[in-house]
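Chain A is the first sequence line, chain B the second, and so forth, proteins listed ahead of strands; every chain is numbered from 1.
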Number of protein chains: 2
Amino acid sequence: MNYQLRKQLILQTVEEKGSVEVKDLAELLQTSEITVRRDLATLSEQGLLYRTHGGAMKMSLVQAPTSFANKSTSRMAEKDYICQKASQLIQEGDVIFLDCGSTVSRLCQFIKHKRIKVITNSLPIVYELMGTEVSVNLIGGELDAERQAIHGTIALEHIARYQANKAFLGIDGISLARGLSAASEKEASIATALAQHAQEVILLCDASKLEKEAYLQFASFDMLDILITDASADKELLVKYEQKGLKIIC
Amino acid sequence: MNYQLRKQLILQTVEEKGSVEVKDLAELLQTSEITVRRDLATLSEQGLLYRTHGGAMKMSLVQAPTSFANKSTSRMAEKDYICQKASQLIQEGDVIFLDCGSTVSRLCQFIKHKRIKVITNSLPIVYELMGTEVSVNLIGGELDAERQAIHGTIALEHIARYQANKAFLGIDGISLARGLSAASEKEASIATALAQHAQEVILLCDASKLEKEAYLQFASFDMLDILITDASADKELLVKYEQKGLKIIC
DNA sequence: ACAAATTTGATTATTTTTGATTAAAAATGA
DNA sequence: TCATTTTTAATCAAAAATAATCAAATTTGT
């Protein structure tokens, strides 16, 4: 019984029962508790489950019932997959920027229990993270009711005062020919500002947005460091992206 | 049964029933009352429920203006009266500061339809005014989950960039001898900053807070221009306040 | 086959969680 | 108001879980 096999069984059990105990897993896997603990530590580090004292739980069960409607239900599975990958890039102690947008907001469930600092202009994200381990800094400025986010000059200046380890962006289109594009100037200016003040810029982008061009083209590939997308993306296309200097996680 | 599982069950029960007792939770969770109390303390610290003597309540039942709050229905009426008077001071085109606090947030219902600009650090106010005629500017900075508001140095600097016609404050105590007092330094510093950058400073204060002194005394009467209180206030006391240069609306 | 690297398990501190006991505080009711 | 009851806070001790350390077993590369 090697790690890969144990990992499968652990995740399967957690998925079925919602929560498990170290003791039971040790018996199930015919191994020692210390090994189970080591496995659980690895898996929780990868964001595949939530470690509790004495066992582990399904990630989704740990979320607080602060329901602030996330409008978009399309491509949920892909977005969750992308966000789970994204969460693996985040270490304890990190300071990260989170853009507004439906994809990025799905990242919350995976980072709730990390001791990190999140700087964001998205109100749904603020609500999701309120009362969790995460320390939240809200970008100030004009409220954009339609997008439930903060925008405007003051917001840009607020961002400029901070420096983050990583920025997670969720924009509306990316194409080889024209770079990054957004649905509005407001979103474009926020994304640009976040990118400028982060060491590493990560784009969370499901495959449907690849080679799409939205209303406003506002930046080139240079702005990005990493692109995280889902498995349904065209592999040949991703190779071309990689040749442009982008690191791809898929 | 670990903390995460208990937390889930507690929040679920509170959500369903609106309020719960420590005893019942102890039995439900098959644990001791002291453990339940510790859990409730943690959860209320995170702003996920409201701790009562002997149990806990849903946050929304305590704070939300739409649903009635059992104990303070009478005080609610007084707060509404105060806010209705306050709204008469607001003209179309005004730029106003709104402090966080339960009294001030009741003002929202009276200003929803006005074409004004509101600058605030209170998240409940932001949600009330989102999508209304009012244009909202949210003060940025550190999120204080307990008070559902923004605080800190950056918030103070944000405020300093604006100039408002009027500031509406809701603080925890006012007394002839010691001036204004607040429940925390954070709230005090925000109130001070708002007052400094407004032409007119208006205190919304139900009669129960007159001649009360809260944790921190932070400013004198000079800071205020107008005090709006309810009819149950001591008239002689109000005369003394007036002699100190305060305009009283009652 | 052999040495190096990895994985696993046992032992031991250390930390976290829990519950019992006490004193203090708050609600209740006359 | 005051006394009674209930609830809570504080302190400590026990139990459980974990981390750390080291040694044995296994795998891997040459």
Asks: Under 4.0 Å between a side-chain N/O of B/T35 and OP1 or OP2 of C/dG19, yes or no?
Replies: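 So the side-chain polar atoms of B/T35 do come within 4.0 Å of the phosphate oxygens OP1 or OP2 of C/dG19, strictly under.
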Asks: Quick check on D/dA16: is either OP1 or OP2 less than 4.0 Å from any side-chain nitrogen or oxygen of A/K23?
Replies: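 No, no such contact exists.
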Asks: Expressed as a whole number of angstroms, how long is the span from B/D39:CG to D/dT7:P?
Replies: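 It is 18 Å, rounded to the nearest whole Å.
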Asks: Without decimals, in angstroms, what is the distance between B/R6 CZ and C/dT17 P?
Replies: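 Interatomic distance, CZ of B/R6 to P of C/dT17: 9 Å.
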Asks: Please state whether the phosphate of D/dA17, meaning OP1 or OP2, lies under 4.0 angstrom from any side-chain nitrogen or oxygen of A/R51.
Replies: no
Asks: Heavy-atom nearest nucleotide on DNA chain D for B/E33 versus B/R38: which residue maps closer to 5'?
Replies: B/E33
Asks: What is the minimum heavy-atom distance between B/K79 and B/R106, and which atoms define it?
Replies: CB-CG, 4.3 Å
Asks: Could you tell me how far apart A/K7 (NZ) and C/dT8 (C1') are, to the nearest whole angstrom?
Replies: 19 Å
Asks: Please report the closest heavy-atom contact between B/A207 and B/S232, naming both atoms and the distance.
Replies: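 Scanning both residues completely, I find the closest heavy atoms to be CB-OG, 3.3 Å.
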Asks: At under 4.0 Å, does any side-chain N or O of B/T31 touch on OP1 or OP2 of C/dT18?
Replies: no
Asks: Compute the centroid of each ring, for A/Y50 and then for A/H113, and state whether the two points are separated by less than 6.0 Å.
Replies: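 A/Y50 vs A/H113: aromatic centres under 6.0 Å.
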Asks: Side-chain donor-acceptor pair under 3.5 Å between A/H158 and A/N137, yes or no?
Replies: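 There is such a pair (donor and acceptor under 3.5 Å, judged by atom type) between the side chains of A/H158 and A/N137.
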Asks: Within this structure, what is the NE2-to-P distance between A/H53 and D/dT18, rounded to whole angstrom?
Replies: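 Taking NE2 of A/H53 and P of D/dT18, I get 5 Å after rounding.
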Asks: Can you tell me the distance, in whole Å, between the CG atom of A/N2 and the P atom of C/dT8?
Replies: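 Atom-to-atom, A/N2 to C/dT8, this comes out as 8 Å.
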Asks: Atom CD1 of B/I34 to atom C1' of D/dT6: distance rounded to whole Å?
Replies: 15 Å
Asks: In terms of heavy-atom contacts, does NZ of B/K244 have more than 12 from other residues, nucleotides or ligands at under 6.0 Å?
Replies: yes
Asks: Which whole-number value in Å describes the distance from A/Y3 OH to D/dT27 P?
Replies: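 Checked: the OH to P distance equals 18 Å.
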Asks: Please report the distance, rounded to the nearest Å, between CG in A/L40 and P in D/dA17.
Replies: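 Between P of D/dA17 and CG of A/L40: 13 Å.
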Asks: OP1 or OP2 of D/dA10 sitting under 4.0 Å from any side-chain N/O of B/R37?
Replies: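 For B/R37, the contact criterion (side-chain N or O under 4.0 Å from OP1 or OP2 of D/dA10) is not met.
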